[in-house]
Amino acid sequence: MQTGNRGACKGCGPEYQVNDEYIQRVLSHPMFSSEHCVPEEVYRQRLAICQSCPKLQDGISCSVCGCIIPVAAKLKARSCPLPGGGLWGTADAE
């Protein structure tokens, strides 16, 4: 997944750009301890699914819900927000 600096989104200024450093800072938060996260294999599968989704915006965010994919895909409790069941479910459903 490309996570370098990107052009500004429609509603955000450059101070809100998502980059590798920002994502790593978020993922280092205690909330992302192993008890809240999917196994690495599931995480990589989710990222690959999102990479092929037409709703992926700028290679990093979901245009349906606005989440940052490398962050949301890591969490067990998250699922794909596409209507009709999404492309991947919560860790309990996978």
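FYI, side chains are in, hydrogens and waters are out, and symmetry mates aren't considered; it's all heavy atoms of this structure.
Side-chain contact between M31 and L75 is present, with heavy atoms from C-beta onward closer than 4.5 Å. Counting heavy atoms from C-beta outward, I69 and L47 have side chains that approach closer than 4.5 Å. Side-chain contact between L27 and K74 is present, with heavy atoms from C-beta onward closer than 4.5 Å. Between C53 and L82 there is a side-chain heavy-atom pair separated by less than 4.5 Å.
In this structure, N19 contributes its side chain and E21 its backbone to a donor-acceptor pair below 3.5 Å.
To the nearest 0.5 Å, atom CD1 of residue I49 and atom CG of residue L56 are 12.5 Å apart. The distance from the CZ atom of R78 to the SG atom of C65 is 5.0 Å, given to the nearest 0.5 Å. Put simply, OG on S79 and CH2 on W88 are 6.5 Å apart, with the number rounded to the nearest 0.5 Å. Note that SG of C50 is 13.5 Å distant from NZ of K55, once rounded to the nearest 0.5 Å.
No more than 12 heavy-atom neighbours from other residues, nucleotides or ligands sit within 6.0 angstrom of CD on E41. By the neighbour-count criterion of 12 heavy atoms within 6.0 Å, atom OH of Y22 is sparsely surrounded, having that number or fewer from other residues, nucleotides or ligands.
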Apply the test side-chain contact (heavy atoms from CB on, under 4.5 Å) to residues V18 and I23: give CA-CA distance (whole Å), side-chain angles for both, the deciding distance (0.1 Å), then the verdict. CA-CA 7 Å; V18 174; I23 291 170; 3.8 Å; yes

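Closest non-hydrogen pair, R46 versus A73, comes out as NH1-O, 2.9 Å.
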